[in-house]
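Just so it is clear, the model here is predicted, and its values are computed rather than measured.
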Amino acid sequence: MRDGGVIAYPTDSCYALGCLLDSREGPDRVRRIRALGRTHHFSIMCTGLGELSRYARVDNDAFRWLKSALPGPYTFIMRATGAVPKRVQHERRRTVGVRVPSNPIARVLLAQLDLPMMSSTLHMPGDETPLADPDDIRATVGKQVDLFVDGGPGSSEPSTIIDLTSGTPEIVRRGLGDPGLFE
């Protein structure tokens with residue numbers, strides 16, 4: 001990954017594609033693998049709220065929302081800070097998804113790298129749900145990624161996405177994380 005590699009790895013919701021946040025080619029490779037447009041929200045996987053606040057504008061209200069749900073299967077859409085590379089931000093809104101995973105494999109990866117990762121759910125075009133079976137993942141993206149971290153069968157339910165850009169939580173996608181915390 002330190003040389004620009006893209007991996008497939010398990011998260012607390014489902015498998016994802018990831019690269020280091022500062023990777024120049026990684027986001028474009030993920031876009032090609034998943035057939036994504038420039039307006040797709042990538043997520044930044046962080047070790048905790050301290051690291052997350054370097055990449056997203058976190059006011060007191062947002063901090064309380066984040067603290068109530070993280071670590072866990074939630075992605076928060078927030079205004080990006082200047083530390084977020086433009087190639088990772090939503091092209092028009094200047095926002096980014098942020099996560100703090102509870103999955104032990106994702107946490108060890110982040111700790112060993114000592115850098116945040118850019119991440120995107122391993123949901124292939126035309127599929128109804130994200131890939132969850134390690135054999136299917138190997139067969140589908142094994143030759144397109146530099147490493148596959150097999151964490152066993154995963155969930156096919158993605159993270160719950162909450163938009164915090166307006167100051168009031170807006171549920172964008174219902175997923176594995178309990179959306180009731182934000183209703």
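Judged purely by distance below 3.5 Å, without hydrogens or angles, the side chains of R34 and S120 pair a donor atom with an acceptor atom. Of the N and O atoms on the side chains of S166 and T168, not one donor lies less than 3.5 Å from an acceptor on the other residue.
For the ring-ring contact (aromatic ring centres under 6.0 Å, His included) test, no residue two or more places apart in sequence or in another chain qualifies with F63. For the side chain to side chain contact (heavy atoms under 4.5 Å, CB included) test, residues two or more places apart in sequence or in another chain that qualify with P130 are C14, T121, H123, P158. Among residues two or more places apart in sequence or in another chain, the side chain to side chain donor-acceptor pair (under 3.5 Å) test is passed with D146 by R29. Residues passing the side chain to side chain donor-acceptor pair (under 3.5 Å) test with R107: none are found, sequence neighbours excluded.
Contact of the S119 side chain with the R99 side chain is not registered, since no non-hydrogen atoms from C-beta on lie closer than 4.5 Å. In this structure the side chain of L66 reaches within 4.5 angstrom of the side chain of M78, judged on heavy atoms.
R87 places a side-chain N or O within donor-acceptor distance of the main-chain N or O of S23, the cut-off being under 3.5 Å. With hydrogens and angles disregarded, a donor-acceptor distance shorter than 3.5 Å links the side chain of D12 to the backbone of S102. R173 places a side-chain N or O within 3.5 Å of a backbone atom of S159 that can act as its donor or acceptor partner. Formation of a donor-acceptor pair under 3.5 Å by the R93 side chain with backbone atoms of R79 is not found in this model. Y74 places a side-chain N or O within donor-acceptor distance of the main-chain N or O of D178, the cut-off being under 3.5 Å.
For the side chain to side chain contact (heavy atoms under 4.5 Å, CB included) test with S13, the passing option among L176, T160, N103 is L176; the others fail.
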Could you please spell out the steps behind the side chain to side chain contact (heavy atoms under 4.5 Å, CB included) verdict for L115 and L21? CA-CA 8 Å; L115 293 167; L21 183 58; over 6 Å; no
Please report the C-alpha distance between M1 and L147 in whole Å, then the side-chain angles of each, then the deciding distance to 0.1 Å, and finally whether the side chain to side chain contact (heavy atoms under 4.5 Å, CB included) criterion is met. CA-CA 9 Å; M1 288 185 74; L147 176 69; 6.0 Å; no
Kindly indicate, with the supporting measurements, whether the criterion side chain to side chain contact (heavy atoms under 4.5 Å, CB included) is fulfilled by I7 and L109. CA-CA 11 Å; I7 67 168; L109 274 169; 3.9 Å; yes
Does the pair L52 and L70 meet the rule for a side chain to side chain contact (heavy atoms under 4.5 Å, CB included), with working shown? CA-CA 11 Å; L52 182 150; L70 298 175; 4.0 Å; yes
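What you find for L110 and P116 is that their closest heavy atoms are CD2-CA, 4.2 Å.
Residues in residues 110-126 take part in no salt bridge (charged side-chain N to carboxylate O under 4.0 Å, His left out) pair, two or more places apart or across chains. A salt bridge (charged side-chain N to carboxylate O under 4.0 Å, His left out) check over residues 116-127, counting only residues at least two apart or in different chains, returns nothing.
A tilted orientation is assigned to the rings of F148 and Y15, their planes being inclined by 30° to 60°.
Under the 4.5 Å side-chain heavy-atom criterion for ILVMFWY residues, a single connected hydrophobic cluster contains both L113 and I105.
In this structure, E25 does not pair ionically with R32, as no charged nitrogen and carboxylate oxygen lie closer than 4.0 Å.
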